[in-house]
Structure formats: structure tokens, C-alpha cells
Amino acid sequence: VVLLLLLVLSAVEIQRPRGVPLSKRQFYEEGKPFTCLDGTRTIPFDRVNDDYCDCHDGSDEPGTAACPNGSFHCTNAGFRPAFIPSSRINDGICDCCDTTDEYNSGATCQNTCRELGRKEKESLQKMAEIAKEGFLLKQQIIQEAKRGLEDKKAKLADVQTSKKDLEDRVEALRIVKETAEQPEKEAKERHLKAWEGKLKCETISTSMDCTDHHLRDIIKARNEFDEAERALREVDDQIRNLEKEISFDFGPNAEFAYLYSQCYELSTSEYIYRLCPFNRVSQKPKYGGSETNLGTWGKWAGPEDNVYAMMKYEHGTGCWQGPNRSTMVKLTCGKETVVTSTSEPSRCEYLMEFISPAVCQEPPSLDFGAHEHEEL
Ligand SMILES: [Ca+2]
Ligand SMILES: [Ca+2]
């Protein structure tokens, strides 16, 4: 009997005036004077929800529309609790999915909380599945990035070795060239005319000047030297590019490395937007007209605790009487790598939404039933 009594008491305790959330029920004690939540006034309890506004903060009328600044709490069992402005109480429009805001208006509301809850659960589950698959893909991407990095390092070592060989070759050819040029310098006057016609020599072998074998040697030596030097410059470029790529910040596990030297496009009715990660963003009119640079790679620009959630591209084409164009790229988790939208939230500052598995986090759990919060 005592146990039963306790159960009844606790059931009674949960009772609260209409429109009061569970978290505030201790301020509304049945039969005891009520103090407005802002502390300005104390009134008898029967003036709570008497459809007359007594408290400046509206706290005495949580369940009626009497206070202009009041708010009404819907429990919405099966879905999510919500607050609505108290002006929406009994206004004939169903605002709370549990219908509790229309208790005295004659409006016929259907309780849609369970249905909404089910839909929300489904979409959360779908998102969690995407996150899970995305996260698996990310693991592959990380493995590939590791292999790619090792390949690049090996390539760099190779190129550095071949650079040494090339340098030796350039030096050797320089000596050949300079040796060949030496008599030419001495006899410069004599050969001046022939020298000016050197290009012709390569094609017109019958030309008198071109019968000069020595001149041919000089040209050959110079060409070979120039070619070797060009090859050396190319190797230098290759080394610079490899070093740049190897030292790039592609995220904690190099998960963004796969985006390097790729481009992704989004076609709208007017433009084709192009994102080349770590390089640049551009916009090109679909029906003619030149491309506009919306920014070149700047930096990772997400919030401090999630810096890899956002990329910043800056110093794009200048706006007329305005700043240079810039673009923020917001990354969200998904199975594919795709640009989903672009907008211009403020003038010349673009926002691009970009989906990539590289930002997927390990999903905590697919079991939503256990976490479902239902207030009864
Ligand atoms: Ca009142
Ligand atoms: Ca309503």
C-alpha cells in the first residue's frame, strides 16, 4: 500500500499546469503562491493560467494566449518537445504535433508526433548509413593516400638523381659549346655574316656560308646545350611540384590528398562553376563569355575544433568598385565527391557546398531506439 501511495504521489508530482515544460515544473507548485519567473511578483496560484496576464515575463500564463510574450511548451510525445509563442494557443491552427495548443478552439488537429518521429528516425538512420559508408570509403582513401605519398617520395628521389646526371650533362655540353665558340669569337668579324644567317644553314645546305663546318659545329653544340638546359629546368619544376605536393596539408591522415589536381564542376542555369581543390575556383558563363576567377587556394578555414570543414579561396578577380572575389567551400560527409551548390551570400563572397567522404567521421551507433527521448 505504501508503495502504491508513493507511485500515485510521484504520478501527481509530474502533473503541471498546461504549457509548462518538465524542466520548470518545480516553479509551479499546486496551491502555493506563484512567483513570476523573473522574480518581480508573487501571485496566488489560481492566477496561473487564468487567461489574465499578471507577470511581465508572461510566466503565469504558459497555457493561454493572455501574455503577448508568453511561450507554450508542447510535450510532443513521440517526436521532439517544442516551444511556440503563446499567441498561437487556440488560434485554430495546429502548431504542436500533439495537438495540445488547440485545446479549446474547436480546431480538429491530428496527432502527427509518432509519424514525424518515425520520419525523423528514418532520415537520421539514412544519414547515419551514409556516414558509415562514407567513413569506410575514407579508410580506403587514407590507404591510397599513404601509398600515393610513398610513390611520390620515391619519384622525388628518382628525379633528384636524374637531376644530378642532367647537371653533369649540362656542364659537359657547356664546355663543348664554349670550346666550339672559342675560334668563332676570334673570327667573329669574319663569320658575322654567316652567323646572322645561321637559321638558314639548317635548311639551305648549299648556301656558301653553310659549307662552313665549324659554324655547323657551333650550332649543334648550342642546340644540344640548350636542350639539356631545358630538360634540367623541367626536372626542377617536377621537383618543385613534387615537394609542394608532399608537404601539403591534406588533413590529419592525408584524406584530402585525392582531391589534389582534380576538378569538380557544378552546372547551373547560367554558369558552370569549377572547383579545383587546393588550386582555384572559377565561374564560366554557359553561353559565351570569359571565365571569372573566384579565388585561388588560401587555407583551411573551418572553426578551431574542425578546421578541415571549410576551405578558403581568395584573391580572385576584382569586383567592380569592390573587393577581390573569394570563395568559402563547405565540406560535408557523403559517399560521393561532388559540388552540390554555390551561392553568393554577400557581394563577391561565394559559398560552395562540397561533399566528400574525406570529412566523414566514425558514426557513433546506428541504434537510435536506445537514445530516443520521450516525455510522457
Ligand atoms: Ca494570470
Ligand atoms: Ca495554434
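Note that these values count all heavy atoms, side chains included, but never hydrogens, waters or copies made by symmetry. Quantities reported herein were computed from a predicted structural model and do not represent experimental measurements.
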message = Taking Y258 as the starting point, is it possible to reach L331 by hopping between hydrophobic residues whose side chains are less than 4.5 Å apart?
response = yes
query = Is a side-chain donor-acceptor pair under 3.5 Å present for Y28 with S59?
reply = no
request  = Answer yes or no: is there a side-chain heavy-atom contact under 4.5 Å between V339 and E353?
outcome  = no
ask   = Which other residues belong to the hydrophobic cluster containing Y52, where Ile, Leu, Val, Met, Phe, Trp and Tyr are joined when side-chain heavy atoms lie under 4.5 Å apart, directly or via other members?
value = none
inquiry  = Please check: side-chain N/O of N253 versus main-chain N/O of I142, any donor-acceptor pairing under 3.5 Å?
reply    = no
ask   = Would one find more than 12 heavy atoms of other residues, nucleotides or ligands at under 6.0 Å from atom CD of Q262?
value = yes
Qualifying residues under side chain to side chain donor-acceptor pair (under 3.5 Å), relative to E336, sequence neighbours excluded = none
Please report, to 0.1 Å, the donor-acceptor pairs under 3.5 Å made by any side chain of residues 297-314, with sequence neighbours excluded.
unit_1 : atom_1 : unit_2 : atom_2 : d
W300   : NE1    : D249   : O      : 2.9
Y308   : OH     : D249   : OD1    : 3.0
Y308   : OH     : D249   : OD2    : 3.1
Y313   : OH     : F278   : N      : 3.0

key: Contact summary for Q321 and R347, nearest pair of heavy atoms   = O-NH2, 3.4 Å
ask   = Going through the distances and angles, do E224 and D226 end up as a side chain to side chain contact (heavy atoms under 4.5 Å, CB included)?
value = CA-CA 5 Å; E224 280 178 352; D226 287 348; over 6 Å; no
query = Any side-chain heavy atom of N279 sitting closer than 4.5 Å to one from P277?
reply = no
message = Give me each pair satisfying side chain to side chain donor-acceptor pair (under 3.5 Å) with a member in residues 265-274, each pair once, sequence neighbours excluded.
response = E265-R274, S267-K286, Y273-Q283
request  = Can you measure from OG1 (T35) to CZ (F27) and round to the nearest 0.5 angstrom?
outcome  = 10.5 Å
request  = Can you measure from OG1 (T112) to NZ (K119) and round to the nearest 0.5 angstrom?
outcome  = 9.0 Å
query = Under the criterion side-chain contact (heavy atoms from CB on, under 4.5 Å), which of R118, E120, K126 is the partner of E122?
reply = R118
Trace of the salt bridge (Lys or Arg N to Asp or Glu O under 4.0 Å) decision for R147 with E150 = CA-CA 5 Å; R147 273 197 297 276; E150 277 160 27; over 6 Å; no
ask   = Does anything in residues 89-111 pair up under side chain to side chain donor-acceptor pair (under 3.5 Å), and if so which pairs, sequence neighbours excluded?
value = D98-T100, E102-S105
query = Would you say C36 and T42 make side-chain contact, with heavy atoms under 4.5 Å?
reply = no
ask   = Any donor-acceptor pair under 3.5 Å linking the side chain of R325 with the backbone of T317?
value = yes
query = Can you hop from L266 to I355 via hydrophobic side chains spaced under 4.5 Å?
reply = no
request  = Give the cluster check for F248 versus V159: same hydrophobic cluster or not, with ILVMFWY residues linked at side-chain heavy-atom distances below 4.5 Å.
outcome  = no
key: Heavy-atom side-chain contact between I246 and L149 under 4.5 Å   = yes
task = Could you state whether L37 and I43 fall into the same hydrophobic cluster, counting links through intermediate Ile, Leu, Val, Met, Phe, Trp or Tyr residues with side-chain heavy atoms under 4.5 angstrom apart?
result = yes
ask   = Looking at OG1 of T179 and NZ of K177, how far apart are the two atoms once the value is rounded to the nearest 0.5 Å?
value = 10.5 Å
query = Hey, is NZ on K153 packed in by over 12 heavy atoms from elsewhere, all under 6.0 Å?
reply = no
ask   = Which distance, rounded to the nearest 0.5 Å, do you find between the CZ of R41 and the CG of D54?
value = 5.0 Å
inquiry  = Can you confirm whether L22 sits close enough to R25 that some side-chain heavy atom of one is under 4.5 Å from a side-chain heavy atom of the other?
reply    = yes
query = Backbone N or O of G295 within a donor-acceptor pair of the N293 side chain at under 3.5 Å?
reply = yes
query = So do the side chains of T337 and P357 get within less than 4.5 Å of each other, counting heavy atoms only?
reply = yes
Distance-only criterion, 3.5 Å: show the donor-acceptor pairs between side-chain atoms of residues 61-72 and protein atoms not counting sequence neighbours.
unit_1 : atom_1 : unit_2 : atom_2 : d
E61    : OE1    : D50    : N      : 3.4
E61    : OE1    : D51    : N      : 2.9
E61    : OE1    : T64    : OG1    : 2.7
E61    : OE2    : N49    : N      : 3.3
E61    : OE2    : D50    : N      : 3.1
T64    : OG1    : A66    : N      : 3.1
N69    : ND2    : H56    : O      : 2.7

query = Does the S356 side chain pair with the main chain of A358, one donor and one acceptor, at a distance under 3.5 Å?
reply = yes
inquiry  = Could you see if F250 belongs to whatever hydrophobic cluster contains L275? Use Ile, Leu, Val, Met, Phe, Trp, Tyr and a side-chain cutoff under 4.5 Å.
reply    = yes
note = dist I84:CD1 -> I89:CD1 (nearest 0.5 Å) comes out at 6.0 Å
ask   = Side chains of D151 and K155: does their closest heavy-atom pair fall under 4.5 Å?
value = no
query = When clusters are formed from ILVMFWY side-chain contacts under 4.5 Å, directly or step by step, what else is grouped with Y287?
reply = none
message = As an exercise, state the distance from CG of L166 to OG1 of T161, rounded to the nearest 0.5 Å.
response = 11.5 Å
C96/N76 under side chain to side chain contact (heavy atoms under 4.5 Å, CB included): CA gap, chis, key distance, verdict = CA-CA 7 Å; C96 298; N76 290 348; 3.7 Å; yes
ask   = Which ring pair (Phe, Tyr, Trp, His ring centres under 6.0 Å) pairs, counting each pair once, include a residue from residues 322-358, with sequence neighbours left out?
value = Y264-F354
query = Taking it one step at a time, do K335 and K132 satisfy side chain to side chain contact (heavy atoms under 4.5 Å, CB included)?
reply = CA-CA 9 Å; K335 288 187 278 181; K132 193 180 161 197; over 6 Å; no
message = Quick one about S346 and E349 (side-chain donor to acceptor, distance below 3.5 Å, no hydrogens or angles considered), yes or no?
response = yes
message = Could you walk me through whether F256 and I141 satisfy the side chain to side chain contact (heavy atoms under 4.5 Å, CB included) test, starting with their C-alpha distance in whole Å, then the side-chain angles of each, then the deciding distance to 0.1 Å, before giving a yes or no?
response = CA-CA 8 Å; F256 297 101; I141 287 170; over 6 Å; no
task = Output all residues satisfying ring pair (Phe, Tyr, Trp, His ring centres under 6.0 Å) with F83, sequence neighbours left out; order by chain, then residue number.
result = H73
pair check: C97 + C74, SG-SG < 2.5 Å = no
List, one per line, each side-chain donor-acceptor pair under 3.5 Å for residues 227-238, sequence neighbours excluded.
unit_1 : atom_1 : unit_2 : atom_2 : d
D236   : OD1    : K163   : NZ     : 2.9
D237   : OD1    : R240   : NH2    : 2.5

ask   = Is R280 atom CZ crowded by more than 12 heavy atoms from other residues, nucleotides or ligands, each under 6.0 Å away?
value = yes
inquiry  = Tell me every residue that passes side chain to side chain donor-acceptor pair (under 3.5 Å) with R18, counting only those two or more places apart in sequence or in another chain.
reply    = none
task = Sequence neighbours left out, what passes side-chain contact (heavy atoms from CB on, under 4.5 Å) with C360? Give chain and number order.
result = F135, C333
query = Considering all heavy atoms of both residues, which atom of C113 and which atom of F79 are nearest to each other, and what is their separation?
reply = O-CB, 3.5 Å
request  = Check whether any side-chain heavy atom of V170 sits under 4.5 Å from a side-chain heavy atom of F225, and report yes or no.
outcome  = yes
